[in-house]
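These figures come from a predicted structure and were not determined experimentally. Atoms within a ligand are numbered from 1 in the order they appear, just like the ligands themselves.
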Amino acid sequence: MTTPRIEVDLSKIRHNTRCLVGRLKSRGINVTAVTKAVCGHPDIAIAMLDGGATGLADSRITNTRRLRDAGIKCPITMIRPPMLSQVDQIVQNCETSYNTEIDVIARLAAARRTKAVHNIILMVEMGDMREGIMPKDLEAIALQVLKMPGVALQGIGANFACLSGTVPDAATMAAFSALSHEIEVACGHALVTVSGGNSANLPWALGPRPTDRINDLRLGEAILLGVDPVSGDQIDGLYTDAFTLIAEVIETKVKPEPTHPSFVGPPLTASNILPDHDHGARSILSIGKQDTDIAGLTMPAGVTLVGATSDHLVVQTNQSQLCVGNELEFQLNYSALMRAMSAPDTAKVLHNEKQLPEPGPARRSNPCLELV
Ligand SMILES: *Cc1c(COP(=O)(O)O)cnc(C)c1O
């Protein structure tokens with residue numbers, strides 16, 4: 001079969017979504033499934049919807065268009081604040097968008113549309129210091145949005161653990177919940193959606209504290225990779241191997257210690273080459289930095305990463321030698337997954353296993369993430 005390829009087990013994605021939807025439902029929280037890491041792949045999106053996600057969200061208009069072109073009719077939310085240059089495409093493809101700039105909202109309100117109104121969720125800055133309106137400015141902006149024809153104030157949202165790694169703790173989430181109450185009272189307008197954050201919010205959402213007004217989470221990584229992005233731990237009962245990257249061996253040789261010519265430019269860094277003292281056989285795989293985040297790959301047992309360049313991945317094997325044409329399988333973290341899914345030379349091969357093995361036992365138990 002063609003390589004490199006990424007094999008996707010849709011049943012595992014459906015299972016992961018269904019587990020998370022079930023656990024969060026008992027806490028009064030809906031799941032909006034985020035498709036950006038898989039470039040809006042329609043079959044993966046459908047697996048998420050089959051697993052019970054109430055809608056889809058993505059950060060790029062090209063991905064949302066791909067979902068629509070595949071005939072997906074569910075609500076789609078743009079989670080990155082829209083570019084002014086894309087407002088027409090936003091209102092044509094997305095029912096809802098997350099916003100922080102009143103000028104953009106005004107342009108969304110005036111944009112050429114296919115749907116009657118476009119829904120606005122105001123993103124609030126709660127500590128991550130990426131996108132968001134400062135809480136003190138929220139009421140004034142909400143009041144302005146309410147006066148604009150063409151848009152409806154759907155709710156508010158927060159985001160955590162992206163830019164500065166701020167983890168959503170109980171106090172911050174309680175403050176965000178209280179803020180939604182204040183806005184409703186001050187504006188005399190009920191907020192339909194109070195979106196608490198992303199996969200990093202799961203320990204809080206499934207923990208003992210009340211979830212109050214928060215009724216939505218936007219989940220990508222937890223569904224796709226079955227892990228808590230903050231700790232890296234497997235989420236109890238979820239599959240961490242829905243995606244496998246497969247690359248092919250193009251050379252195997254025993255090589256001597258590299259000679260040390262003088263380089264023009266910066267010296268080779270650890271990410272380019274690792275010291276190789278035991279002179280095992282080295283193999284080259286036809287995949288490289290252009291195809292994925294090499295540092296985010298898990299090497300198969302008995303295989304050590306030596307280094308990588310744009311198009312070559314060099315590994316060392318100590319026991320059995322790899323032959324030209326052999327395939328090696330790698331598990332991926334979020335960064336490696338995102339880049340592999342967007343690499344044009346990597347085939348995306350979908351499976352739909354009927355009989356799934358039990359998800360492996362939790363690698364490390366995190367009581368917060370167990371069933372409530
Ligand atoms: C990427 C993103 C998400 C999803 O994050 P995961 O960690 O993959 O769950 C949610 N909200 C916003 C605004 C995002 O940019």
Salt bridge flag under 4.0 Å for residues E101 and R107: no
For atom 5 (O) of ligand 1, the closest protein heavy atom turns out to be N198 CB, 3.3 Å
Mark the output for R130 as yes if a heavy-atom distance to ligand 1 is under 4.0 Å, and as no if none is. yes
For a quick check under 3.5 Å, do D216 and T193 share a side-chain donor-acceptor pair by atom type? no
I need the atoms of ligand 1 closer than 4.0 Å to a non-hydrogen atom of Y334, numbered in the order shown. 8 (O)
Distance (rounded to the nearest 0.5 Å) between N159 CG and M126 CE: 12.0 Å
Show which atoms of ligand 1 fall inside a sub-4.0 Å distance from at least one heavy-atom site of E221. 6 (P), 8 (O), 9 (O)
Does I105 share a hydrophobic cluster with I79, counting links as ILVMFWY side-chain heavy atoms below 4.5 Å and allowing steps through other members? no
Quick check on contacts: which atoms of ligand 1 are under 4.0 angstrom from a heavy atom of N159? 11 (N), 12 (C), 13 (C)
Is there a donor-acceptor contact under 3.5 Å from the side chain of N63 to the main chain of R60? no
Given 3.5 Å as the limit, does a donor-acceptor pair link the side chain of H118 with the main chain of C94, or not? yes
Report yes or no: does a heavy atom of Y98 sit under 4.0 Å from some atom of ligand 1? no
Mark up the atoms of ligand 1 that fall under 4.0 Å of a heavy atom belonging to K36, in ascending order. 1 (C), 2 (C), 3 (C), 14 (C), 15 (O)
Less than 3.5 Å apart, any donor N or O on the side chain of T3 or E248 sitting next to an acceptor on the other? yes
Nearest-contact summary for atom 9 (O) of ligand 1 - protein heavy atom, Å: S199 OG, 2.5 Å
With salt bridge (charged side-chain N to carboxylate O under 4.0 Å, His left out) as the test, would you mind laying out the steps for K136 and E182 before giving the verdict? CA-CA 11 Å; K136 67 175 174 44; E182 285 165 32; over 6 Å; no
Which residue from R218, E131, M78 reaches closest to atom 11 (N) of ligand 1 through any of its heavy atoms? R218
Near G220 (heavy-atom distance under 4.0 Å), the atoms of ligand 1 are 6 (P), 8 (O), 9 (O)
Could you see which bit of L219 sits under 4.0 Å from ligand 1, with heavy atoms only: side chain, backbone, both or neither? backbone
